Amino acid sequence: ASSFMARRARSIVRRPAAAATLDFSRPASWAHRRHALSSFAWAPDSVWISLAETRRRFSSSEAARAISRGGLFETAAAVLLQGLTAQDLIRDSHPLKAGETVLVHAAAGGVGLLLVQLANRAGAKVLGLASTDAKARAVMEAGADSVALTHGDWIASARAFAPGGVDVAFDSVGRTLRQSFEAVRKGGQVVFFGMAGGDPDPIDPRYLMDTSKTLTGGDLWNVLTDRE
């Protein structure tokens, strides 16, 4: 990736930003110039953009004009980075299928909100985890079927949401990795892609064997290695 986009996107990845769902079915252009939407993302048909209290679908050309007029280039760059991460997680780390049940950690975060939206669009049932009531409302507005608060018994919530446990948990917190395994069903999968809350405890391979559960990792930079 260009150093410009990496610097700009990483610098704002934790800032509140407009939530969007972009179609990344074709390769994105890289950010060489700030004044063109195509320098940040390619959306063939339309894009959902949420700004303030308004959420509606824009055509690609409308989105380009809106981003240009609003000076939202940093947001567009962050959505591209986070959107590509979310896409990689549900297409490569765990190819998500319609009807599957999904647990998303930090669901109100940048990648989390996009995961909720993309999983919803894929036909999955989504349980999001959030730390506050305000964040829980944002997760529900993004399309989650249910939300559990992290200071409660969210493992029990996951098992109530999907009897026996969810099919897959996307864990970006780290220290919750062991609990994520408790929340997934036998034969389910945990996708580990971050350590926002600290390093995870080791997982005994014998536990994976005994429960037929699997652990996989997801890091965009192992996939996004050049401009092509």
Side-chain angles (χ1 to χ4, degrees), residues 9 12-24 37 40-41 43 45-60 62-63 66-67 70 72 74-91 94 96-154 156-158 160-162 166-173 176 180 183 191 193-194 196-197:
I12 64 169
V13 70
R14 295 189 180 277
R15 299 183 195 172
T21 301
L22 296 179
D23 186 340
F24 292 106
L37 172 65
F40 293 102
D45 297 313
S46 59
V47 56
W48 281 101
I49 297 180
S50 297
L51 298 173
E53 302 299 322
T54 302
R55 182 177 186 272
R56 72 179 183 89
R57 188 184 297 273
F58 293 84
S59 69
S60 297
E62 287 176 329
I67 289 174
L72 303 175
E74 292 184 344
T75 297
V79 168
L80 177 58
L81 178 67
Q82 295 168 349
L84 285 170
T85 298
Q87 176 192 260
D88 180 60
L89 292 172
I90 69 167
R91 291 192 180 179
H94 178 92
L96 198 61
K97 303 179 184 66
E100 286 192 302
T101 51
V102 179
L103 174 68
V104 178
H105 283 268
V111 174
L113 278 176
L114 288 166
L115 270 176
V116 169
Q117 294 179 74
L118 292 173
N120 176 276
R121 292 182 65 186
K125 293 184 63 180
V126 182
L127 171 64
L129 295 183
S131 59
T132 67
D133 290 336
K135 290 182 178 180
R137 288 192 293 271
V139 174
M140 289 298 293
E141 291 171 1
D145 295 278
S146 185
V147 179
L149 296 177
T150 52
H151 54 71
D153 189 349
W154 55 267
S157 297
F161 180 76
V166 298
D167 294 308
V168 58
F170 292 94
D171 193 328
S172 59
V173 177
T176 54
S180 290
V191 179
F193 69 102

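All residue numbers in this chain count up from 1 along the given sequence. As the structure is a computational prediction, the values presented were derived from the model and not from experiment.
Applying the side chain to side chain contact (heavy atoms under 4.5 Å, CB included) criterion to Ala122, with sequence neighbours excluded, gives Leu96. Checked against side-chain hydrogen bond (donor to acceptor under 3.5 Å, both in side chains), Thr85 has no partners two or more places apart in sequence or in another chain. Shown here are the side-chain hydrogen bond (donor to acceptor under 3.5 Å, both in side chains) partners of Ser172, two or more places apart in sequence or in another chain: there are none. Every residue two or more places apart in sequence or in another chain was checked for a side chain to side chain contact (heavy atoms under 4.5 Å, CB included) with Ala98, and none qualifies. Legend: residues meeting side chain to side chain contact (heavy atoms under 4.5 Å, CB included) with Asp167, ordered by chain and number and at least two apart, are Glu100, Thr101, Arg185.
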Counting only pairs under 3.5 Å, give me each side-chain donor-acceptor contact of residues 105-114, with atom names and distances, residues two or more places apart or in other chains.
| residue | atom | partner | partner atom | Å |
| --- | --- | --- | --- | --- |
| His105 | NE2 | Ser180 | OG | 2.8 |

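Nearest heavy-atom pair, Ala124 versus Lys97, reported as atom, atom and distance to 0.1 Å: CB-O, 4.3 Å. Across all non-hydrogen atoms, the minimal contact from Ala183 to Ala158 is CB-CB, 3.8 Å. Between Phe161 and Val102, the closest heavy-atom pair is CE2-O, 4.4 Å.
The OG1 atom of Thr132 sits 8.0 Å away from atom NE2 of His151, with the distance rounded to the nearest 0.5 Å. Between the CG atom in Leu103 and the CZ atom in Phe170 there is a gap of 9.5 Å [rounded to 0.5 Å]. For the atom pair Leu115 CG and Asn120 CG, the distance stands at 12.0 Å (nearest 0.5 Å).
Under the 4.5 Å side-chain criterion, counting only non-hydrogen atoms from C-beta, Asp133 is in contact with Leu149.
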Residues Trp154, Leu127; criterion side chain to side chain contact (heavy atoms under 4.5 Å, CB included); working and verdict: CA-CA 10 Å; Trp154 55 267; Leu127 171 64; over 6 Å; no
